[in-house]
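Any value given below was found using the heavy atoms of this structure, including those in side chains, with hydrogens, waters and symmetry copies removed.
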Amino acid sequence: MSVLVYTESEEGKFKKTAFEVASYAKGVADMMGTTVTAVSFNAKDTSELAQYGVNKVLKIDNDKLSKFNAEAYADALKQATEKEGAKVVVLGQTANDKYLAPLLAVHLGAGYASNVVELPANTDPLQVKRTAFTNKAFSITQISTDVKIVGLSKNAFGLKENPVELSEEEFSPSLASEDFKVNVVSVDKAADKVTIADAEIVVSGGRGLKGPENWGMIEDLAETLGAATACSKPVSDMGWRPHSEHVGQTGKPVAANLYIAVGISGAIQHLAGINASKTKVVINNDPEAPFFKAAEYGVVGDAFEIVPKLTEKLKEFKANNA
């Protein structure tokens with residue numbers, strides 16, 4: 001009766017979220033006096049999971065599952081859950097997880113709590129703390145179904161090393177043709193760039209940058225910090241930056257450890273999408289910009305002077321501490 005965890009991977013390598021959900025599952029398993037079983041899809045090396053408390057891995061190697069397919073993955077995870085007799089299933093809150101979790105809940109007749117930020121207050125009954133009202137409040141949710149599904153909010157729990165012995169088992173779920181009604185034809189992604197979904201640091205720009213020709217300083221700062229670049233909705237609407245970089249309530253949600261907003265006034269729709277970030281820094285020449293009320297740190301001044309100087313100092317610091 002182990003805690004089951006879905007460990008997301010891409011091109012054979014686990015994403016950071018896989019280790020975070022494994023860390024969380026280990027915490028839940030310790031509370032329940034049981035172990036952690038992970039399910040991997042076409043991962044080349046699963047040994048890393050042992051560092052985060054995973055006792056057993058069900059390895060699925062199937063070329064038909066090389067690209068994410070919500071229906072097929074949900075069916076496979078249902079069979080893994082039943083095989084292990086798991087009563088708690090833990091997933092992340094990536095875009096794929098958000099497609100997957102509701103389907104899995106239907107397959108298992110399970111209750112699903114999304115945006116969970118802490119270990120359960122109780123495990124019998126299972127009570128979890130979740131964000132609500134676009135991260136402005138918290139709610140305590142009790143799941144009363146036999147099987148419970150927990151969606152862990154990104155960066156809410158962090159990576160907790162807890163080395164254990166790991167065993168591997170080949171697992172071949174029985175998949176029906178109905179699982180493949182939707183097929184992924186291709187996946188387009190930016191090469192050699194940190195993605196917003198995986199980034200711990202995000203540097204975002206708004207209309208205050210005045211035009212796409214000035215985006216070099218945003219990219220330079222992001223590269224120095226090992227960060228992803230993002231933008232506000234007006235910027236993507238005007239075609240200055242691709243829509244894939246649009247963050248906010250109507251764009252991609254951000255839950256980074258550090259979010260740096262440059263030349264963004266802080267419209268409520270933007271703040272709603274980035275509010276889960278732990279530390280928010282705003283650079284703006286308007287001291288009345290709404291973003292200052294939401295940020296932990298604020299700099300009032302000309303971004304065209306501040307950002308290059310900040311980048312220069314960070315490069316010096318890295319060089320001196322290399």
Side-chain angles (χ1 to χ4, degrees), residues 93 95 114-115 117 130-139 153-156 193-311 313-314:
Q93 290 284 263
S114 60
N115 300 317
V117 296
R130 312 164 57 210
T131 57
F133 301 113
T134 58
N135 302 304
K136 292 183 177 67
F138 295 103
S139 68
S153 188
K154 181 175 175 283
N155 282 333
K193 291 184 71 175
V194 180
T195 63
I196 293 171
D198 296 327
E200 294 193 20
I201 304 174
V202 174
V203 180
S204 189
R207 281 184 293 185
L209 289 173
K210 300 180 181 179
E213 67 277 4
N214 296 318
W215 226 263
M217 68 179 188
I218 297 293
E219 293 176 330
D220 195 15
L221 176 58
E223 183 178 353
T224 303
L225 290 169
T229 56
C231 68
S232 61
K233 185 177 186 297
V235 166
S236 62
D237 286 346
M238 291 185 290
W240 294 1
R241 300 299 292 175
H243 283 283
S244 60
E245 291 192 2
H246 164 206
V247 299
Q249 190 174 38
T250 57
K252 291 184 178 178
V254 173
N257 287 328
L258 174 61
Y259 183 81
I260 302 175
V262 182
I264 299 176
S265 62
I268 190 169
Q269 293 89 348
H270 186 84
L271 294 177
I274 62 90
N275 212 30
S277 297
K278 291 184 177 177
T279 302
K280 296 174 282 293
V281 177
V282 57
I283 301 171
N284 201 299
N285 61 4
D286 178 9
E288 301 300 320
F291 217 134
F292 283 112
K293 295 180 180 179
E296 281 70 31
Y297 300 95
V299 181
V300 178
D302 186 349
F304 294 98
E305 295 180 6
I306 294 168
V307 173
K309 288 180 180 178
L310 174 60
T311 304
K313 290 295 182 182
L314 287 169

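Counting only residues at least two apart or on different chains, the side chain to side chain donor-acceptor pair (under 3.5 Å) pairs with a member in residues 253-266 are Glu200-Asn257, Ser204-Tyr259, Tyr259-His270. Listed by first then second residue, pairs satisfying side chain to side chain donor-acceptor pair (under 3.5 Å) with a partner in residues 208-227 read Glu219-Arg241, Asp220-Lys315, not counting sequence neighbours.
Nearest heavy atom pair, residue Ala199 against residue Lys154, reads O-NZ, 3.0 Å. Residue Leu209 comes nearest to Met217 through the heavy atom pair CD2-CE, 3.1 Å, listed as atom of the first residue, atom of the second, then distance. Of all the heavy atoms in Ala222 and Val203, the pair that sits closest is CA-CG2, 4.0 Å. When all heavy atoms of Ala230 and Val247 are compared, the closest pair comes out as CB-CG1, 3.7 Å. Minimum interatomic distance between Val300 and Phe292 (heavy atoms only, all atoms of both residues): CG2-CZ, 3.7 Å. Closest of all the heavy-atom pairs between Val262 and Ala303 is CG1-CB, 3.6 Å.
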Check residues 277-284 and write down every donor-acceptor pair under 3.5 Å in which the side-chain atom is one partner and the other belongs to a residue at least two apart or another chain.
from: Ser277; atom 1: OG; to: Val254; atom 2: O; distance (Å): 3.4
from: Ser277; atom 1: OG; to: Ala256; atom 2: N; distance (Å): 3.3
from: Ser277; atom 1: OG; to: Ile274; atom 2: O; distance (Å): 3.2
from: Lys278; atom 1: NZ; to: Asn155; atom 2: O; distance (Å): 2.8
from: Lys280; atom 1: NZ; to: Ser277; atom 2: O; distance (Å): 3.1
from: Asn284; atom 1: OD1; to: Asp286; atom 2: N; distance (Å): 2.9
from: Asn284; atom 1: ND2; to: Ile264; atom 2: O; distance (Å): 3.3

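Among residues two or more places apart in sequence or in another chain, the salt bridge (charged side-chain N to carboxylate O under 4.0 Å, His left out) test is passed with Lys233 by Asp237. Scanning for side chain to side chain contact (heavy atoms under 4.5 Å, CB included) contacts around Pro242 gives Ser244, Glu245, with sequence neighbours left out. For Thr131, the side chain to side chain contact (heavy atoms under 4.5 Å, CB included) test picks out Asn115, Val117, Asn135, Phe138, with sequence neighbours left out. Remark: Glu305 engages Asp302 in a side chain to side chain contact (heavy atoms under 4.5 Å, CB included) (not counting sequence neighbours). Shown here are the side chain to side chain contact (heavy atoms under 4.5 Å, CB included) partners of Ile201, two or more places apart in sequence or in another chain: Leu225, Ala227, Leu258.
Distance check, rounded to the nearest 0.5 Å: CD1 of Ile260 to CG of Leu221 gives 5.0 Å. To the nearest 0.5 angstrom, Ser232 atom OG is 7.0 Å from Met238 atom CE. The distance from the CZ atom of Arg130 to the OG atom of Ser139 is 5.0 Å, given to the nearest 0.5 Å.
Atom CD1 of Ile268 has 12 or fewer neighbouring heavy atoms from other residues, nucleotides or ligands inside a 6.0 Å radius.
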